[in-house]
Visitor: 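Would you mind keeping the following structure in view while I ask a few things?
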Amino acid sequence: MGKDTIADIITYIRNTDMDRKGTVRITSTNIAANIIKILLREGFIENVRKHGEANKNFLELTLRHRRNRRGPYRINLNLKRVGGPGLRIYSNYQKIPRILGGMGIVILSTSRGIMTDREARLERIGGEILCYIW
């Protein structure tokens, strides 16, 4: 993993989805666990298993796949990292962007933890925008 763990998580998931593989293994951190918990709750991934090997914990994700296997392959999961370690993008709850008119989600890091844009608007708190998922 590089210095930007969120970008690494997004890249692992995106590459696994493009290769049509079913599972991806990610090093377990607090940020990774919170983002993956949101992805699981929103229905972007099917299952998460946690296991450890040689004093390292891993999260093994099972991605959702299209049921119809005919025709050209379409990417099921679109993820985009916003900002980064050198560029932080903050937003108050009124100006959090809506992805595809509310069909996608924005993941934010707030003072109350990592949450989606809908939860942040309900609690009326803003924070750093981490990524877009649609």
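The shown structure was predicted, so the numbers you read here are calculated from the model rather than taken from an experiment.
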Visitor: Is the backbone of Gly83 close enough, under 3.5 Å, to the side chain of Arg88 for a donor and an acceptor to pair up by distance?
Guide: no

Visitor: With side chains defined as the heavy atoms from C-beta onward, is the minimum distance between Arg121 and Ile96 less than 4.5 Å?
Guide: yes

Visitor: When clusters are formed by joining ILVMFWY residues with side-chain heavy atoms under 4.5 Å apart, either directly or through shared neighbours, do Tyr12 and Ile38 land in the same one?
Guide: yes

Visitor: About how many Å separate CG of Asn34 and CD1 of Ile107, when rounded to the nearest 0.5 Å?
Guide: 10.0 Å

Visitor: Atom CZ of residue position Arg41 - does it have more than 12 heavy atoms of other residues, nucleotides or ligands inside 6.0 Å?
Guide: yes

Visitor: Using side-chain contact (heavy atoms from CB on, under 4.5 Å) as the criterion, point out the one residue from Leu61, Asp8, Ile35 that pairs with Ile26.
Guide: Leu61

Visitor: Give, for atom OG of Ser111 and atom CD of Glu123, the distance between the pair rounded to the nearest 0.5 Å.
Guide: 9.0 Å

Visitor: Roughly how far, to the nearest 0.5 Å, is the CD1 atom of Ile9 from the CD1 atom of Ile31?
Guide: 7.5 Å

Visitor: NZ/Lys80 to CD1/Ile129 distance, rounded to the nearest 0.5 angstrom?
Guide: 11.0 Å

Visitor: On a heavy-atom basis, which atom in Ala120 and which in Leu108 lie closest, and how many Å separate them?
Guide: CB-CD1, 4.1 Å

Visitor: Of the non-hydrogen atoms in Asn57 and Gly52, which two are nearest, and what is the gap between them?
Guide: OD1-CA, 3.8 Å

Visitor: Okay, side chain of Arg64, backbone of Gly43: is any donor-acceptor separation there less than 3.5 Å?
Guide: yes

Visitor: List, by chain and number, the other hydrophobic cluster members for Met115, where Ile, Leu, Val, Met, Phe, Trp and Tyr join if side-chain heavy atoms come within less than 4.5 Å, directly or indirectly.
Guide: Ile125

Visitor: Could you grab the distance from atom OH of Tyr132 to atom CG of Asn78, nearest 0.5 Å is fine?
Guide: 14.0 Å

Visitor: Answer yes or no: is there a donor N or O on one side and an acceptor on the other, between the side chain of Glu119 and the main chain of Thr116, under 3.5 Å?
Guide: yes

Visitor: Using only atom types and a distance under 3.5 Å, with no angle test, would you say the side chain of Asp117 pairs donor to acceptor with the backbone of Ile105?
Guide: no

Visitor: Honestly, is Arg25 close enough over Phe58, meaning NZ or CZ under 6.0 Å from the six-membered ring centre and within 45° of the axis?
Guide: yes

Visitor: Would you confirm whether Asp17, through its side chain, and Ile13, through its main-chain N or O, come within 3.5 Å as a donor-acceptor pair?
Guide: no

Visitor: Is the count of non-hydrogen atoms from other residues, nucleotides or ligands lying under 6.0 Å from Arg49 atom CZ greater than 12?
Guide: no

Visitor: Under 3.5 Å, is there a donor-acceptor pair between the side chain of Arg81 and the main chain of Ile6?
Guide: no

Visitor: Can you check whether Ile45 reaches Ile36 side chain to side chain, under 4.5 Å on heavy atoms?
Guide: yes

Visitor: Of all heavy-atom pairs between Gly113 and Thr110, which one has the smallest distance, and what is that distance?
Guide: O-OG1, 2.6 Å

